[in-house]
Chemist: 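One structure, as C-alpha cells, below. Some questions next.
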Amino acid sequence: MFTNKPPKSLKETAKVYFFSSTAKTIPDIFGNQKNYIVECVKAGKSDVKFVFNGIDKLFFVIYSPSKNTDSEYILEDIRILGSQLCKLANSHRTNAIILEKPTSLFNSSQTLAFLEGLELTNYEFFRHLKKGGPSNSLENVFVNDKIIKEESLTELNKTLYAVKITKDIVNEPVIFFNATDLGNFAKKQGKANGFSVHVMNKKEIEKNKMGGLLGVNKGSIDEPTFTVMQYKPKNAKNKKPLVFVGKGVVYDTGGNNLKINGVMGTMKCDMGGGAAVIGALTAISSNRLPIYAVGIVPATDNRIGLNALVQDDIITISDGTTVEIQNTDAEGRLILADALVYAKKYNPALVIDLATLTGAASNVTGPYGIALMANKTKYKTIMVESGKEVYERCAEFVMWREYNELIKSDVADIKNIGGPTGGMITAAKFLEHFVSYDWIHLDIAGPAFISGAASHYHHKGASGVGVRLLYNFAKKFIGKK
Ligand code: BES
Ligand code: ZN
Ligand code: ZN
C-alpha cells in the first residue's frame, strides 16, 4: 500500500499536509483554512481535517505532542492520528493520498507508526459478504518524502501484510477453516515466502505419541494436524533457533464441559496464537531477516462428540507425563504440551508460545495487553520492550513455586486445571512442566479478538496480535534493532 513513487493518475487523489504545534508559519496557500490550523496549533490540539477547496481534496494532519508522556504513548498517539486519517479519507471516497513530507513533523519511526495506524485501520473482512469486496476506497498511499526510504516502506508493507493474513484466518469460521486448512495455509505461505513447512497428519501424530493433541481431537470428526515451519537462511545470525509455538484450537466449544451462557461465541479465535506464529514466520521470511526461526502449531477443534474426553480421563503427553482431565475446556495446554516437548529437539535458544489460553488472563488484561509468564530468561526484558514499541504490551505475572501445588493430581502426574486461584498462572505452570529451555509464555486471550467496542485501529474481530510483537522481538534478538 505504501510507496514513495508518485501516483500515475491524480484522479481521486488527495494531498495530506502536516503541521506541528511548534510551526512558526503556515503558508498562505491554505487560504481561510489557515486560521483553523493556527487555532489548533495554538490550542495544542491534535486533529485531522478534510478540506475541498474547489479544485483539490486536502487533508491536514495537525499534531501536538503531549509533554511528559512515555515514549510508547507518543508513538501510539501517532498511530491513532494515522487511523483518523484513514477513516476520513475513506469517508470522502478517496482512492489515493499523497503524504507531503511527513518528516517535517515526525521523525522516521514516528512516520512509520503513522502509516502503520493508517494501514491497520483500512483492514476489512469481507469474504462472506454478497458483494465480496471492500467498502473502503483507500488503496494507495504515496509518501513524498526523501527521508523515508523505500526499503522501510517495503518492510512495513510486508509486515502489515502478515498481520492482515493473520486476521483473515482468525476471522474465518471453523466451517471454512479446520486443522487441515490451517496446515495447508501454512504450506501456502511457506511456498510464497521461502520457509519450509511440514504438516503431520493423524498417523504421524500417533507415531509421535502426542496424547495431548490426540486427546483433545477425540471429540472431533476432523483430523488434527501438527505444523512445523522452518526458516533457516544462510546468513542467519543465530545458531540455535528462536522457536515460536502457537495454540491452534480452530474452535473451542469447551468439549463435554461445554461453554454455556453465550461464552462460546468468538471461540473461532482460539487459533489466534497459531495464526500469529504463521504470521510471524511470514513477516520474518518475506523481509529476509537473517534469523533461524522455527514455528510449531498443533491444531484441532475442541468439540463434544461421542468419543470426546470426559472429566476423570487420563491421557499421556509425548514425553510420558500423565494428565488427569478435570475440565475438557482446559484443552489448549494439552495440545501445547506436545508442542513444547517437540520444541526441545531443536535445542532452542528460546521458545515463545502464544495462546488464547485463559479467561483469567483476559479478565485482567482486557483487550489492552498480553499476560506474560516466563522462566528465568534474559530475553524477558527484550520482550517487554518490544511490546511497548509496537503497543502490544506485556504484563508479567508471578510464577511462584507454590502454584505447582494447585495442579497436583492424586491419580496422574498432573491435572489440567488448578482451581479458582490465578488461572493464567496455573495454566502457565502446567506448560512449564514440559519446558527444559529458556521460555516465554504469552497468554493473548484478552487482545486476540475484539468483541467489545472498536477503537481507532482496533476494529471488531481478529486483531492479529503477536505478529508485530514477534517480528520486532526477532529483530532485537539478532541485534538488528
Ligand atoms: N480458549 C479458552 C480461553 C479463552 C477465554 C480465550 C476467553 C479467549 C477468550 C480456553 O480454552 C478455556 O476455555 N480456558 C478455561 C480454562 C478453565 C476451564 C481452567 C477458562 O479460562 O475458563
Ligand atoms: Zn477451552
Ligand atoms: Zn481454548
Side-chain angles (χ1 to χ4, degrees), residues 170-171 174 179 182 212-213 215-220 224 245-276 297-305 308-313 323-339 353-371 373 397 403 406-407 409 414-431 441-452 460-466:
V170 175
N171 279 326
V174 65
L182 185 143
L213 180 55
V216 176
N217 185 251
K218 268 161 66 71
S220 176
V245 171
K247 173 177 171 181
V249 173
V250 286
Y251 201 83
D252 184 9
T253 68
N256 276 316
N257 290 101
L258 196 62
K259 287 184 185 288
I260 48 169
N261 298 333
V263 296
M264 197 188 297
T266 78
M267 281 303 132
K268 66 177 181 180
C269 82
D270 216 17
M271 34 63 82
V297 183
T300 175
D301 48 345
N302 180 31
R303 297 232 194 206
I304 47 170
L309 284 177
V310 291
Q311 216 165 317
D312 300 337
D313 271 342
V323 180
E324 179 191 3
I325 304 300
Q326 276 301 307
N327 192 317
T328 62
D329 199 7
E331 83 298 340
R333 64 199 76 182
L334 303 176
I335 73 169
L336 288 170
D338 281 324
D353 79 74
L354 288 93
T356 47
L357 204 60
T358 65
S362 173
N363 288 341
V364 175
T365 64
Y368 312 121
I370 296 168
M373 284 143 277
F397 290 89
Y403 289 94
L406 303 177
I407 53 169
S409 161
I414 44 174
K415 60 181 179 183
N416 80 330
I417 56 169
T421 303
M424 70 290 223
I425 299 171
T426 48
K429 278 288 173 187
F430 182 96
L431 299 181
H441 162 60
L442 301 174
D443 193 331
I444 57 168
F449 198 88
I450 311 297
S451 45
K460 282 194 177 190
S463 67
V465 68

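Atoms within a ligand are numbered from 1 in the order they appear, just like the ligands themselves. The structure displayed is predicted, hence computed values, not measured ones. For reference, positions follow the sequence shown, starting with 1.
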Chemist: Could you confirm whether Lys247 has any N/O/S atom lying under 2.8 Å from the Zn ion (ligand 3)?
Modeler: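 A backbone or side-chain N, O or S atom of Lys247 is under 2.8 Å from the Zn ion (ligand 3).
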
Chemist: Which heavy atom of Gly272 sits nearest a heavy atom of Ile444, and at what distance?
Modeler: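 For Gly272 versus Ile444, the nearest heavy atoms are C-CD1, 3.9 Å.
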
Chemist: Between Thr426 and Gly423 (side chain of the first, backbone of the second, donor and acceptor by atom type, cut-off under 3.5 Å), is there such a pair?
Modeler: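 Yes, Thr426 side chain to Gly423 backbone: donor-acceptor pair under 3.5 Å.
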
Chemist: Could you walk me through whether Asp443 and Ile370 pass side-chain contact (heavy atoms from CB on, under 4.5 Å), step by step?
Modeler: CA-CA 6 Å; Asp443 193 331; Ile370 296 168; 5.7 Å; no

Chemist: Checking side-chain hydrogen bond (donor to acceptor under 3.5 Å, both in side chains) against Ser409, which of Gln326, Glu324, Lys415 comes through?
Modeler: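 It is Glu324; the other options fail the test.
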
Chemist: Select one of side chain, backbone, both or neither to describe which atoms of Met264 lie under 4.0 Å from any atom of ligand 1, heavy atoms only.
Modeler: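 No part of Met264 comes within reach of ligand 1.
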
Chemist: Over all heavy atoms of both residues, which pair between Leu309 and Gly215 is shortest? Give the atoms and the distance, please.
Modeler: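 The pair with the smallest heavy-atom distance is CG-O, 3.2 Å.
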
Chemist: Does Lys247 come within less than 4.0 Å of Glu331, counting only side-chain N to carboxylate O?
Modeler: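 Salt bridge between Lys247 and Glu331, a charged N being under 4.0 Å from a carboxylate O: yes.
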
Chemist: Assess whether atom CD1 of Ile304 is packed by more than 12 heavy atoms of other residues, nucleotides or ligands within 6.0 Å.
Modeler: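 Counting neighbours around CD1 of Ile304, 12 or fewer heavy atoms of other residues, nucleotides or ligands fall under 6.0 Å, so no.
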
Chemist: What N/O/S atom of Asp270 is the closest to the Zn ion (ligand 3)?
Modeler: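 Relative to the Zn ion (ligand 3), the closest nitrogen, oxygen or sulfur of Asp270 carries the name OD2.
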
Chemist: Using the Zn ion (ligand 2) as the vertex, how large is the angle between OD1 of Asp329 and OE1 of Glu331, rounded to 10 degrees?
Modeler: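 Roughly 130°, rounded to 10°.
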
Chemist: Heavy atoms only: which of Gly359, Ala445, Gly418 lies closest to atom 22 (O) of ligand 1?
Modeler: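 Selected option, by shortest heavy-atom distance: Gly359.
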
Chemist: Please work out whether any backbone atom (N, CA, C, O) or any side-chain heavy atom from C-beta onward of Ser362 is under 4.0 Å from ligand 1, and answer side chain, backbone, both or neither.
Modeler: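 For Ser362, no heavy atom sits under 4.0 Å from ligand 1.
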
Chemist: Which one holds for Asn302 and ligand 1: side chain close, backbone close, both close, or neither close, with close meaning a heavy atom under 4.0 Å?
Modeler: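 Answer for Asn302: neither.
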
Chemist: What is the nearest protein non-hydrogen atom to atom 4 (C) of ligand 1, stated with its residue, atom name and distance?
Modeler: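 Nearest neighbour among protein heavy atoms for atom 4 (C) of ligand 1, to 0.1 Å: Met267 CE, 3.9 Å.
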
Chemist: So which heavy atom in the protein is nearest atom 16 (C) of ligand 1, and how far is it from that ligand atom?
Modeler: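 In this structure, atom 16 (C) of ligand 1 has Arg333 NH2, 3.8 Å as its nearest protein heavy atom.
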
Chemist: Going by the atom numbers of ligand 1, which of them fall below 4.0 Å from some non-hydrogen atom of Lys247?
Modeler: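 This gives 1 (N), 10 (C), 11 (O) as the contact atoms.
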
Chemist: Is there a donor-acceptor contact under 3.5 Å from the side chain of Thr365 to the main chain of Tyr368?
Modeler: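 Side chain of Thr365 to backbone of Tyr368, a donor-acceptor pair under 3.5 Å: no, none is there.
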
Chemist: Which atoms of ligand 1 have any heavy atom of Asn327 under 4.0 Å away?
Modeler: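 Atoms satisfying the 4.0 Å criterion: 18 (C).
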
Chemist: Of all the atoms in ligand 1, which lie at a distance below 4.0 Å from a heavy atom belonging to Glu331?
Modeler: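 Reading through ligand 1 atom by atom, the close ones are 11 (O).
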
Chemist: Which residue holds the protein heavy atom closest to atom 14 (N) of ligand 1, what is that atom called, and what is the gap in Å?
Modeler: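 It is Leu357 O, 3.4 Å.
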
Chemist: Within a distance under 4.0 Å of any heavy atom of Lys259, pick out the atoms of ligand 1 and give their elements.
Modeler: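 It comes down to these atoms of ligand 1: 2 (C), 12 (C), 13 (O).
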
Chemist: List the steps and the verdict of side-chain contact (heavy atoms from CB on, under 4.5 Å) for Leu334 and Val323.
Modeler: CA-CA 8 Å; Leu334 303 176; Val323 180; 3.9 Å; yes

Chemist: For Asp329, which part has a heavy atom under 4.0 Å from ligand 1: side chain, backbone, both, or neither?
Modeler: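 It is both backbone and side chain that touch ligand 1.
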
Chemist: Within the distance-only criterion (no hydrogens, no angle test), does the side chain of Asp301 pair as donor or acceptor with the backbone N or O of Tyr251 below 3.5 angstrom?
Modeler: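 Side chain of Asp301 to backbone of Tyr251: no pair is present.
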
Chemist: Hey, which of Thr328, Asp329, Asn302 is the one that makes side-chain hydrogen bond (donor to acceptor under 3.5 Å, both in side chains) with Asn257?
Modeler: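 Of Thr328, Asp329, Asn302, side-chain hydrogen bond (donor to acceptor under 3.5 Å, both in side chains) with Asn257 is met by Thr328 alone.
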
Chemist: Restricting to N, O or S atoms, which atom of Asp252 is closest to the Zn ion (ligand 3)?
Modeler: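 Result for Asp252 and the Zn ion (ligand 3): OD2.
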
Chemist: Just go through Asp252, Asn416, Ile417 and tell me whose heavy atom is the nearest to atom 17 (C) of ligand 1.
Modeler: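 Nearest option to atom 17 (C) of ligand 1, by heavy atoms: Ile417.
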
